[in-house]
Amino acid sequence: MQKKIRTRFAPSPTGFMHVGNLRTALYEYLIAKSMHGDFILRIEDTDQERLVEGATDVIYRTLRETGLMHDEGPDIGGEFGPYVQSERQELYRPYAEQLVREGKAYYCFCTKERLDSLRGEEEGFGGYDRHCRDLPQEEVERLLKAGTPYVIRQKMPVEGSTTFEDAVYGSITIENSELEDQILLKSDGYPTYNFANVIDDHLMQITHVVRGCEYLTSTPKYNLLYEAFGWEIPVYVHLPLIMGRGDDGEVSKLSKRHGSTGFDDLVNEGYLPQAIMNYIALLGWCPKDNEEVFSLEGLVQNFSVDGISKSPSVFDYDKLAWFNGEYLRAMPPEEFTALAMPYYRQSLGEKTCNWTVLSTILQPRVTQLTQIPEKIRFFAELPEYETDLFVNKKSKTNLENSVTMLEHAIAALEAISTWDVETIHTVLLELAPKLEVKNGTLLWPVRIAAAGMSVTPGGAIEILAILGKEESLRRLRIGLAKLGA
RNA sequence: GGCCCGGUCGUCAAGCGGUUAAGACACCGCCCUUUCACGGCGGGUUCACGGGUUCGAAUCCCGUCCGGGUCACCA
C-alpha cells in the first residue's frame, strides 16, 4: 500500500498573508488533495522578537476564506501535535544533543563579535572558520561548566558534493564546500528554522516539502540533516518565485513597492477570494488542457506537479482583474447585489433605489467592486456638464434636435404610471419611430440629460428607471433649460 | 564576488527533434448596440545571442549575455 501523501503549510505568524505564501499554501493543498492526501497547518513561531498579536487568526481566517481547509492544525488538532513550534520547544534539544554524542555536531562558543569580524568588510562573503569544530574534549567541558554561551553546529562534509532531486527543477548538485557548519540550536536554546523544520517534517511524516525556490540552494543542508539522523528524505517541490514589476520596469521578488501583495489588501481592493486563488494558481502552473477558470475543486481535479514551471512569473494585476470580472459576471444577481451593497451605500448613502436594475447594469461592467462608487456617483447627484455633450455624430444629435427629443420624451414619460424598465423601454422605443428618428437620436440626449455624463454604465432606459420618475423628469427639464429652451 | 536556477509576443503561458509556434490577459481595428461594458470577429517580425550535434533545432550540447535567488544565532 502506498504511503499517504502529507503536505504542510508552515507560515510564520507575521499578521500578513503575502500572495506568495498563499500560493505556496494553495499548491501544498492541491498536491495533497489531488493525491487524496492530507494538508497540515503548522505555525512556525520560533522567532520571539517577531511575534505579532492576533497573527495566527489572520492565518486561520485566510485559509477559511480561500477554502484551503486543513486536516490537522493547532485549531483542530490531529495525532501529530502540537502544531505550534513554540509548544514543541523542549522537543528539539535532544535531537541536537544526539548528533553531538554521535560526533556529527559540536558545541560552538564563538561570540557574535568574532563571527562578525570573520565575515569581513563585504557582507555575504566568507563564512565560519569552524574554530570550535575540533576543540579538545576537556576544553569543551570546561567552557560548558563555566556556563559559557554556546550554539550547536552540525559538522558539514568538507569535500565532495551533495546531489538531490527536485520534482520541478530536476537534479541539482551543490559543492559541500559551499556549506557552512550550520547552527542547529541557538544560544537562547531555540532551534533554528532549518533545524526545527526538518525535525517537525519528519515527526509529522510530511512526504512532500513544498516551498519557494529561494530554498533551493539550502536544500543540501536539510538533506545532510536527514542523513545524519538516518531519516527518509521527502520529495521536494520548489516553486518559481512570484515577481513584481516596478515603475522603472525592473522585476524583483513581489513586494509592497509593486502594489498590494497581501491577501487582505487585494480583497479590500475589491478582488474576490476565488478570483485571487484562481489567478495565483495559474502563476507558475499550467493545466494540461489550458483551461483558465477553475474552482478550487476544479484545481484539485486538474493539478499535477509536472505542470509547474521553472521560470519566475510577474504578477499581473490586469489579468487578476479579468478573472475577477469573470467571477463577478458568473454570479447570481442577488449575490452580486449583496457584495456590492457596501459600495452602493458609499455613493448613495441610505437612499434606496431599484437595486435589481442597478446590479443588472453594473454586473457586466465592473471588474473590481471598488469601481462601483465612482461609477454610480451621478445617481446621487447630477454632475455639472456642458451642452456640447448633447452633440453626437453617430447618434445624429445636435443642439437643436436634442431640444425636440427631450420635449417629446418628457411628455411621453410624464404619462407613465408604472415606472419600470419595461414600460419606459416600450414608451421610448415607440416614440422614436413616431418622431421618424432612429433610437439613438432620441435616447442619446435623454441619457445625457439624465446622467450629465457622456459615458455611463447602462443606457438611458436603465438610468431613468433607477432615478425614479420624479428625479428623471427633473433632470430632463434641467437639460432642456441648459439648451436654452 | 562564489554557488544555484531561469530566459517562447508587453504579461501569464503551451510546446519535450519535423507545428502555418496554441491559448489567455493587455493593446489596436471591425461588428453588435442607446454611450460604456458584455459578446462576436480580426490584427502583431515572439523562440536572448553565437557556435555545434542532426537530413531537420524553440526543443539536445557548449559558450556569451541578461534576469533572479542564495551565501545569518531571520524565517
Side-chain angles (χ1 to χ4, degrees), chain A residues 10-12 14 44-47 49-50 108 110 112 115-116 119 122-128 149-153 166 168-170 172-175 177-180 182-188 190 192-194 196-197 212-220 238 240-241 243 245 249-253 279 282-293 307 309-323 325 329 361-367 375 389 392 394-395 428-429 432 438-444 446-448 451 453-463:
Chain A
S12 294
T14 59
E44 309 224 327
D45 59 348
T46 49
D47 191 345
E49 292 174 18
R50 281 207 252 175
C108 170
C110 292
K112 228 183 177 118
L115 262 21
D116 287 343
R119 255 188 285 279
E122 295 168 76
E123 56 180 296
F125 305 112
Y128 181 55
Y150 66 88
V151 300
I152 293 180
R153 305 183 95 113
D166 180 83
V168 174
Y169 289 90
I172 292 173
T173 300
I174 290 183
E175 295 299 319
S177 56
E178 292 291 319
L179 275 21
E180 191 169 88
Q182 64 176 332
I183 292 172
L184 270 20
L185 214 64
K186 301 187 258 186
S187 57
D188 63 1
Y190 284 80
T192 55
Y193 167 81
N194 291 348
N197 225 262
C213 73
E214 66 265 31
Y215 290 99
L216 216 42
T217 42
S218 57
T219 300
H238 285 95
L241 260 17
M243 315 295 281
R245 184 184 296 280
E250 298 282 298
V251 295
S252 56
K253 211 167 153 179
Y279 174 61
L282 262 27
L283 260 192
W285 171 77
C286 186
K288 297 258 184 288
D289 61 4
N290 270 307
E291 282 286 309
E292 291 220 288
V293 180
S309 87
K310 295 182 194 175
S311 44
S313 40
V314 176
F315 194 92
D316 181 4
Y317 292 89
D318 282 338
K319 183 104 187 206
L320 206 212
W322 174 78
F323 270 110
R329 273 171 250 133
I361 65 171
L362 254 17
Q363 201 167 352
R365 276 169 253 259
V366 162
T367 58
K375 279 195 193 310
L389 288 190
N392 182 265
K394 222 177 134 217
S395 302
L428 291 180
L429 290 201
K438 54 181 212 170
N439 295 341
T441 312
L442 171 64
L443 294 169
W444 178 278
V446 172
R447 190 177 60 84
I448 295 301
M453 310 193 302
S454 61
V455 175
T456 55
I461 294 161
E462 291 88 354
I463 292 171

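In this text, all values refer to a predicted model and were calculated from it rather than measured experimentally.
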Choosing from G69(B), C12(B), G6(B), which nucleotide comes nearest the side chain of Pro312(A)? G6(B)
Using a heavy-atom cut-off of 4.0 Å across all strands, would you classify Thr173(A) as base, sugar-phosphate, or nothing? sugar-phosphate
Can you find a donor-acceptor pair, distance only, under 3.5 Å between Asn290(A) side chain and A14(B) base? no
Output for pair (Cys110(A) SG, Arg153(A) CZ), nearest 0.5 Å, gives 7.0 Å
Rounded distance (Å) that lies between atom C1' of G2(B) and atom CG of Leu179(A): 13 Å
Among U70(B), G68(B), A24(B), which is the nearest nucleotide to the side chain of Glu292(A)? A24(B)
Can you tell me how far C1' in G23(B) sits from the matching atom in A13(B), rounded to whole Å? 8 Å
Quick check for you: among C25(B), A75(B), C73(B), whose closest atom lies nearest to any side-chain atom of Ser12(A)? A75(B)
Rounded to the nearest Å, what distance is computed from the CH2 atom of residue Trp322(A) to the C1' atom of nucleotide C38(B)? 13 Å
With a 4.0 Å cut-off on heavy atoms, is Met243(A) in touch with a base, just the backbone sugar-phosphate, or nothing at all? sugar-phosphate
Separation between the P atoms of U20(B) and C25(B), rounded to whole Å: 26 Å
Out of C74(B), A22(B), U34(B), whichever nucleotide has its closest atom nearest the side chain of Lys186(A): C74(B)
Between P on U33(B) and CG on Leu443(A), what's the gap in Å once rounded to a whole number? 13 Å
Quick one: is Lys394(A) getting a side-chain N or O under 4.0 Å of the U33(B) phosphate, OP1 or OP2? no
Whole-Å P distance, C12(B) and C4(B): 25 Å
Over how many whole Å does the gap from Trp285(A) atom CH2 to A14(B) atom P extend? 11 Å
Can you tell me how far OG of Ser218(A) sits from CD of Glu178(A), rounded to the nearest 0.5 angstrom? 12.5 Å
Tell me which nucleotide, if any, is Watson-Crick or G-U wobble paired with C25(B) when both distances must be under 3.5 Å. G10(B)
Would you mind telling me which of C4(B), U35(B), A75(B) lies closest to the side-chain atoms of Tyr193(A)? A75(B)
Would you indicate which nucleotide in C25(B), C4(B), G39(B) comes nearest to any side-chain atom of Asp316(A)? C25(B)
Nearest-Å distance for atom pair CG/P, residues Leu442(A) and U34(B): 11 Å
Base, sugar-phosphate, or nothing: which does Gly458(A) touch, judged by heavy atoms less than 4.0 Å apart? base
In whole angstrom, what separates Trp444(A)'s CH2 from U33(B)'s C1'? 12 Å
Testing C36(B), A75(B), A26(B) for proximity to the side chain of Asp318(A), the answer is A26(B)
Answer with yes or no whether Arg447(A) presents, from its side chain, a donor or acceptor under 3.5 Å of a partner atom in the base of U35(B). yes
Would you mind telling me which residue lines up with the more 5' stretch of RNA chain B, Ala460(A) or Arg245(A), judged by nearest nucleotide? Arg245(A)
Should the side chain of Tyr215(A) and the base of A75(B) be counted as holding a donor-acceptor pair, with the cut-off at 3.5 Å? yes
What contact category does Ser311(A) fall into here, base, sugar-phosphate, or nothing, at under 4.0 angstrom with non-hydrogen atoms? sugar-phosphate
Classify the side chain of Ser187(A) and the base of C73(B) as holding, or not holding, a donor-acceptor pair under 3.5 Å. yes
Is the phosphate of A13(B), meaning OP1 or OP2, less than 4.0 Å from a side-chain N or O of Ser309(A)? yes
Pairwise P distance, A72(B) and C66(B) [rounded to whole Å]: 26 Å
For Val314(A), report the nucleic acid contact type (base, sugar-phosphate, nothing); a contact means any heavy atom under 4.0 Å. sugar-phosphate
Check: Ser187(A) side chain, Val151(A) main-chain N or O, donor-acceptor pair, under 3.5 Å: no
Nearest to the Pro364(A) side chain among A75(B), C38(B), U70(B), which nucleotide is it? C38(B)
Measure the CG-CD1 distance between Leu443(A) and Ile461(A) for me, rounded to the nearest 0.5 Å. 5.5 Å
Give me the distance, rounded to whole Å, that separates G2(B) from G18(B) when you measure between the C1' atoms they each carry. 42 Å
Would you mind telling me which of G67(B), C36(B), A75(B) lies closest to the side-chain atoms of Val251(A)? G67(B)
What's the OH-C1' distance between Tyr317(A) and G10(B), to the nearest Å? 17 Å
If you check the Glu178(A) side chain, which of C3(B), A26(B), C36(B) turns out closest? C3(B)
Return the value, rounded to whole Å, for the distance between atom CG of Leu320(A) and atom P of A24(B). 19 Å
For atom C1', what is the distance between G44(B) and U11(B), given to the nearest Å? 15 Å
Roughly how many Å apart are G15(B) and C47(B), using the C1' atom of each and rounding to a whole number? 11 Å
Would you measure the distance from the C1' atom in G67(B) across to the matching atom in G40(B) and give it in whole Å? 40 Å
Under 3.5 Å donor-acceptor pair, Lys288(A) side-chain atoms to A14(B) base atoms: no
Under 4.0 Å: is that the gap between some side-chain N or O of Lys310(A) and OP1 or OP2 of C5(B)? no
